[in-house]
Amino acid sequence: MPVDPSIVGRSFPRTRPYPVTAEGLRAFAAATGGEWSGGPAPATYPIVMAFEAMNAFLEAEQVELHRIVHGEQRFTYERPVVEGDVLTATLTVSGLRQIGGNDIISTTSEVTDADGALVCTTGATLVHRGAAAGSDA
Amino acid sequence: MSLPSRTFTVTRADLVAYAAASGDHNPIHQDEAVATAVGLPGVIAHGMYTMALAARAVADWFPEHEVVSLGCKFTAPVVVPAEGGVEVLVEGQEKPGDDGTTTVALTVTCDGAKVLGVPRAVLRPARD
């Protein structure tokens, strides 16, 4: 089922506050074979909040996660994420194109801290593979 | 200026650990049957996993800098076999900007093929 074009411009409810802990940072770094021992979080770490926001969006739109392939991702930082931050993400659908049975969904998530200050803006392009598009990968 | 290239090995166990740490439990990164059913060649690494490797290389190259921006396209899947692993090569070219920033143009390949499109990081000296 194609994604409803009227979602463009819509913002979804902000995610629950997400505490950035040393344990979480170590686990995230270790999962990619690295180490975190203080200092800034890995640069892709805000994907944790952005992904939660994306999941809520996909659920609201009844899009199945396994039909989603990641097309593009970018992070723009106001400041690094550090241990002790409490972050939330607010996702806005910024664009939608339909090409060859696939939906190309552009999203922007603003990640803010406990004071409401912007920490990072992260943009994602998601490719929603339509049911008929399975064999053209 | 070329930066020293880095090679990372990715296994299916890494993808399971990454799913838990990131919250991305998309089965195409763990389950061969689901991945092939949606037309993928097999279990593929999270794009964000590969991007995290690129970010790791950048952080190792520039420990005294912080990231202003980091972005890429996911142009080809990194297929991870059930046994052993697959190698991802991260290379970088450093270019100083006029405004005190440093741009790192990355090349990320798997088996000689580029897997990220125009991966690029912009850095600035860390502020204390």
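Below, all heavy atoms of this structure are taken into account, side chains as well, without hydrogens, waters or symmetry copies.
- Both the backbone and the side chain of B/Val67 come within less than 4.5 Å of a heavy atom of chain A.
- Contacts between residues 6-29 of chain A and chain B, counted as heavy-atom pairs separated by less than 4.5 Å, involve A/Ala27, A/Phe28.
- Between A/Thr32 and B/Ala52, the closest heavy-atom pair is CG2-CB, 3.5 Å.
- Heavy atoms of B/Ala59 lying under 4.5 Å from chain A are absent altogether.
- Residues of residues 77-89 of chain A lying under 4.5 angstrom from chain B, judged on non-hydrogen atoms, are A/Tyr77, A/Glu78, A/Arg79, A/Pro80 in numerical order.
- In the hydrophobic clustering of ILVMFWY residues, with side-chain heavy atoms under 4.5 Å counting as a link, A/Val63 and A/Phe57 come out together.
- Annotation: A/Gln98, atom CD; neighbour count of heavy atoms from other residues, nucleotides and ligands within 6.0 Å is above 12.
- Ranked by heavy-atom pairs shorter than 4.5 Å toward chain A, the options B/Gly117, B/Ser69, B/Pro119, B/Ala54 are led by B/Ser69.
- Looking at B/Tyr18, the atoms closer than 4.5 Å to chain A (heavy atoms on both sides) sit in the backbone and in the side chain alike.
- Interface residue B/Ala17: backbone and side-chain heavy atoms are both found under 4.5 Å from chain A.
- Heavy-atom neighbours of B/Asp31 CG from other residues, nucleotides or ligands within 6.0 Å: above the threshold of 12.
- Side-chain heavy atoms closer than 4.5 Å link hydrophobic residues (I, L, V, M, F, W, Y) into clusters, and following such links, possibly through other members, connects A/Leu91 to A/Leu58.
- Of the listed residues B/Val58, B/Leu53, B/Val68, B/Thr9, the one with more heavy-atom pairs under 4.5 angstrom with chain A than any other is B/Val68.
- A distance of 10.0 Å separates NE2 of B/His25 from CG of A/Leu65, quoted to the nearest 0.5 Å.
- Of the residues considered (B/Ala13, B/Gly23, B/Gly47), B/Gly23 shows the highest number of contacts with chain A, using heavy-atom pairs under 4.5 Å.
- Close approach to chain B, defined as a heavy atom under 4.5 Å from one of its heavy atoms, is seen in A/Gly34, A/Ala43, A/Thr44, A/Ile47, A/Val48, A/Phe51 of residues 34-52 of chain A, taken by number.
- Both B/Leu106 and B/Leu3 sit in one connected hydrophobic cluster of ILVMFWY residues. Membership requires side-chain heavy atoms under 4.5 Å apart, directly or through other members.
- Between B/Thr50 atom OG1 and A/His70 atom NE2 the span is 11.0 Å, to the nearest 0.5 Å.
- Residue B/Ile28 comes nearest to A/His66 through the heavy atom pair CG2-O, 3.7 Å, listed as atom of the first residue, atom of the second, then distance.
- Under the 4.5 Å side-chain heavy-atom criterion for ILVMFWY residues, no single connected hydrophobic cluster contains both A/Ile105 and A/Val69.
- Heavy-atom pairs under 4.5 Å with chain A were tallied for B/Ala35, B/Pro77, B/Cys72, B/Ala19; the largest tally goes to B/Cys72.
- Residue with the most contacts toward chain A among B/Arg120, B/Glu66, B/Met48, B/Arg124: B/Met48 (heavy-atom pairs, distance under 4.5 Å).
- For B/Asp24, there are no side chain to side chain donor-acceptor pair (under 3.5 Å) partners at least two apart in sequence or on another chain.
- For the atom pair CG of B/Asn26 and CD of A/Glu64, the computed distance is 11.0 Å after rounding to the nearest 0.5 Å.
- B/Val108 and B/Val122 fall into different hydrophobic clusters, where Ile, Leu, Val, Met, Phe, Trp and Tyr are joined by side-chain heavy atoms under 4.5 Å apart, directly or via other members.
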